[in-house]
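We number each residue from 1, following the sequence as shown.
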Amino acid sequence: MRVWPDRPERAAIGLGEWPRAAGGGWGRRRRESRLRAVHLRADARVPEAAPAAVPAAMNRFKVSKFRHTEARQPRREAWIGDIRAGTAPSCGNHIKASCSLIAFNSDHPGVLGIVPLESQGEDKRQVTHLGCHSDLVTDLDFSPFDDFLLATASADRTVKLWRLPLSGQALPSGPGLLLGPEDAQVEVLQFHPTADGVLLSAAGRAVKVWDATKQQPLTELATHGDLVQGAAWSRDGALLGTTCKDKQLRIFDPRAKPEAAQSTPAHENSRDGRLVWTGTQEYLVSTGFNQMREREVKLWDTRLFSAALTSLTLDTSPSSAPPQDLSPHRAAFQDGQRSLVPLLDPDSGLLVLAGKGENQLYCYEAAPQQPALSPVTQCLLESVLRGAALVPRRALAVMGCEVLRVLQLSDTAIVPISYHVPRKTVEFHEDLFPDTAGCVPASDPHAWWAGSDQQVQRVSLHPARRAHPSFTSCLAPPAELTPATAQPAGTPVGDADPSEGFSSTPSSLTSPSTPSSLGPSLTSTSGIGTSPSQRSLQSLLGPSSKFRHAQGSVLHRDSHITNLKGLNLTTPGESDGFCANQLRVAVPLLSSGGQVAVLELRKPGRLPDTALPTLQNGVAVTDLAWDPFDPHRLAVAGEDARIRLWRVPPDGLQEVLTMPEAVLTGHTEKIYSLRFHPLAADVLASSSYDLTVRIWDLKVGAEQLRLQGHRDQIFGLAWSPDGQQLATVCKDGRLRIYEPRGSPEPLQEGPGPEGARGARVVWVCDGHYLLVSGFDSRSERQLLLYSAKALAGGPSAVLGLDVAPSTLLPSYDPDTGLVLLTGKGDTRVFLYELLPEAPFFLECNSFTSPDPHKGFILLPKTECDVREVEFARCLRLRQTSLEPVAFRLPRVRKEFFQDDVFPDTTVSWEPALSAEAWLGGANGTPRLLSLQPPGMTPVSQAPREAPARRAPSSVYLEEKSDQQKKEELLSAMVAKLGNREDPLPQDSFEGVDEDEWD
């Protein structure tokens, strides 16, 4: 490197050439031209930095105490292995550490891995899993004062605070606090550095400062121009900086005003900007991309904020191509993978730059006084980096001169990388380890918001003076938890199988909009029996569903029906869009004439490119339904106010059918809902824009009953499980229950959803409750649970979910009490277990698909693979294909029939009575069928397994004499060393002749 005596700034920035040597180049001349441009930009800053010229001239001869710092990677034995890290794109670092614990994103969306920072003796560190959210965890942060207080942010738009237990105790089933929900997914989260109970969150364009003790925001900063990508507190907690997709770097004084105090253009590219503050509030470091998609690092002075003090540019990663060679999608993907994670230790000024998706760490020393970003060392990693975090300074091995420790999150391990300054003597070096911030907060939210700038008391890192007081935050006080012990002998266990991976989204147990959430822990049990520790946890935290670990996964491609063309995606919102039974699926097509394709589920594969044989309905299809007691009969409603009954040949549709089996006429307006009676054959209910519900006898082919009383569009209708009552939900905001054979007027009436965008209704909990999915006045999707005997009193429970345009379509499984909810165009399927008593809703793992589905329906129970603990089988309609989705429950003892999951099911394909009998006033009871496969023993009758216990070695040795101990020890040594007379491997090698040597 060349040093110019009259340009100390140029000398410092000239070190920016060093990281360029590590990247792939597009030509040395091009790199040198960009480097000269950087020098010119630095020269332009010289006049503004003139007052600091004399100190800078003195500092250029000052030798850094970190110049010999070396990065040490541990042996693989010291890695935290056997993990599966998540790689979902977000603005977070994916891993954080306190002085006691490490938390990281697992490959199960919404689930964090928790592991101790230090190992206890020779025992291997065990990774436990905490189900935090119903969607991706986007960011996380440990309290700077309480090692066991963790905050998590998620794409489900909420922030949750968790009290993590000491080693040996069970993870919590629910958060201590919940903040939100926000209007967009929460991208950034950070605790305040001096006040306990204050934290910031960034969601979409909004940044809020929260008083977590009151679960209310102290202030909301002025709206940014685009997505907020990064936010951070200054070291003293007075200022707050943000980076935004609008390329602006902003500084806020949140207690003074919500508007930005300063703003300046940061990086020329809008992709993934981050920032960190140095040890003082005057300086900060930002990372981002320039116009050439090269990664940039800039040092800023808040007192001279119009331009950066200094900057350096890192080459693109070795695997990346020049921007002109990349498609926009691929370029965006690579930028997201290569985004820099800045990790800065404010006490030492050491800055580590970790590139996601790369295998290299850059270490710099941030020296604002010069100003310079001076390179210290590089570290080549053995695996690709997915996330990175700094270990708190109070946890470093100071006697070994460890000045920094970085935790690298890879796909399968956490690798601690230590940065050491070599010193000749083993002693505490005051120059390397100045006093650092302690763990006792300086103020509370009220005092800080009132203007207190009191700082956290600093403590010494000297081992002899490390009597640091501990602090426990009042945000989430620790509970008296029973240590997680093994199940007692004789208790059948249906635990989650750790060897099986998720393809669903683990979630908390209640909605983000509820005041509290009981999130599942993947270490807790789920089976018939309940251990004492579980019962104590349930008494403290509430019940949890045994289906909370349910896993939804798309079955193998061999079972898909592909090359589906010309789907009709404009069916009314009151229709599911398609229907299926155990044999066939009927899908409306967009072609003229209201055509309906009938596909055989037993014949999966690619459909021919030629036109399919269809049912020619004649008019546009508004709804369709298979007869549950006749798998070959399909009822199709049309816009002409008629219902056509079609009969499909037993061997499938081989030719175009133009003549239906029967046509039902009577409605005067368009029909939009069809529902077959659950017990009586040949009974069909239909709703229409003529504001009536009509009940038909298909055997006679005529209308038999007509229900009235609706004042607006009927959104949905549903038969009760016993077939005696029928419920409707209407656009007039009313929910009604009819007894069709008793009166055409409603038996009961009550308030329905406030929103008028759409709604559905279904009977649940053995017909004692009604579940309604709809919208509130703010267009938020919600679930309302009503007692079927008291509609007038309003809902017993209301659960807010999210904001989306499509109505949630509920599919209820009466055997398990689970309801599956999704909307047309959604990518997520919610799962809830419904209870007839508080808390009413128990959330289970949701299923997330990579692309939106056009429809999602539940197949009959007999389609489930009981041996694989598959409790639900669904069909997912995509743009060009049909995919079966299986929902399974992880269980360890799969060789036994899980009779707690599979009670006797209703024989839904056999009618209990005829239409004539039902219309005459008779009621029927369905026949039940056991799902137990032949040869499988119920798990409730499985033999008890006593936990194997190993006797201590001391007890084992006391039973032997001294001579026996000596002989066994000698035999073990001989066995380990082997027979000395055995030939060595090299004895069998063949040599070469002397004349063969060169």
Side-chain angles (χ1 to χ4, degrees), residues 1-21 31-62 64 66-67 232 241 243 247 249 251 262 264-269 273-292 294-315 340 342-346 348-353 362-378:
M1 182 191 71
R2 179 181 178 184
V3 177
W4 291 269
D6 59 337
R7 288 287 189 268
E9 294 86 356
R10 180 176 291 180
I13 299 175
L15 294 172
E17 293 183 55
W18 168 66
R20 285 190 171 277
R31 290 199 300 269
E32 291 174 352
S33 66
R34 286 198 298 270
L35 187 59
R36 285 195 296 272
V38 174
H39 291 166
L40 291 175
R41 290 197 297 271
D43 292 342
R45 293 289 300 134
V46 173
E48 295 184 12
V54 175
M58 296 174 62
N59 287 334
R60 73 182 179 191
F61 299 109
K62 184 178 180 180
S64 172
F66 300 109
R67 66 189 184 278
T243 57
K247 309 176 188 178
L249 178 63
I251 304 297
Q262 298 186 75
T264 188
H267 300 273
E268 296 174 343
N269 196 299
R274 311 285 184 94
L275 81 157
V276 288
W277 291 79
T278 63
T280 62
Q281 72 169 16
E282 289 83 14
Y283 300 98
L284 67 152
V285 175
S286 69
T287 62
F289 291 80
N290 63 16
Q291 284 184 329
M292 302 298 295
E294 296 171 318
R295 294 168 296 176
E296 282 185 327
V297 185
K298 293 186 177 182
L299 178 65
W300 302 85
D301 186 344
T302 57
R303 299 164 297 184
L304 301 169
F305 208 50
S306 58
L309 293 179
T310 182
S311 65
L312 61 88
T313 304
L314 277 69
D315 278 341
L340 285 175
L343 307 172
L344 191 143
D345 176 28
S348 64
L350 292 178
L351 171 68
V352 174
L353 300 174
Y362 305 97
C363 183
Y364 291 83
E365 183 179 5
Q369 294 78 15
Q370 295 187 13
L373 293 171
S374 305
V376 176
T377 185
Q378 294 184 77

Original post:
How far does OH of Tyr362 sit from CG of Leu340, to the nearest 0.5 angstrom?
Top reply: 8.0 Å
Original post:
Has the side chain of Thr278 got a donor or acceptor atom that lies under 3.5 Å from a matching backbone atom of Leu284?
Top reply: no
**OP:** Ignoring hydrogens and angles, state whether a donor on the side chain of Ser311 or Glu296 is under 3.5 Å from an acceptor on the partner side chain.
**Re:** no
Original post:
Who are the side-chain contact (heavy atoms from CB on, under 4.5 Å) partners of Gln262, not counting sequence neighbours?
Top reply: Ile251, Thr302, Phe305
Subject >> Contact summary for Asn269 and Asn290, nearest pair of heavy atoms >> reply: CB-O, 3.2 Å
**OP:** Nearest 0.5 Å please: distance from the OG atom of Ser374 over to the CZ atom of Phe66.
**Re:** 12.0 Å
Subject >> Minimum heavy-atom distance Phe289-His267, with the two atoms named >> reply: O-CB, 3.3 Å
**OP:** Show your reasoning for whether side-chain contact (heavy atoms from CB on, under 4.5 Å) applies to Leu275 and Val285.
**Re:** CA-CA 6 Å; Leu275 81 157; Val285 175; over 6 Å; no
Original post:
In Å, rounded to the nearest 0.5 Å, how long is the span from CZ of Arg67 to OG1 of Thr377?
Top reply: 14.0 Å
Original post:
Could you walk me through whether Thr313 and Glu294 pass the side chain to side chain donor-acceptor pair (under 3.5 Å) check?
Top reply: CA-CA 7 Å; Thr313 304; Glu294 296 171 318; 5.2 Å; no
Subject >> Atom of Tyr283, atom of Trp277 and distance for their closest heavy-atom approach >> reply: O-CE3, 3.6 Å
**OP:** Determine yes or no for a side-chain-to-main-chain donor-acceptor pair under 3.5 angstrom, with Asp345 supplying the side chain and Gly349 the backbone.
**Re:** no
**OP:** State, to 0.1 Å, how close Pro342 and Val276 come at their nearest heavy-atom pair, and which atoms those are.
**Re:** O-CG1, 3.6 Å
**OP:** Would you name the heavy atoms of Pro368 and Leu309 that are closest together and state the gap between them?
**Re:** O-CD1, 4.4 Å
Subject >> Smallest separation among heavy atoms of Pro371 and Leu299, with atom names >> reply: CB-CD2, 4.1 Å
Original post:
When rounded to the nearest 0.5 angstrom, what distance separates CG in Leu314 from CG in Leu353?
Top reply: 6.5 Å
Original post:
How about Leu373 and Val297: do any of their side-chain heavy atoms sit closer than 4.5 Å?
Top reply: yes
Original post:
With distance as the sole test, does Lys298 use its side chain to make a donor-acceptor pair with the main-chain N or O of Ala266 at under 3.5 Å?
Top reply: yes
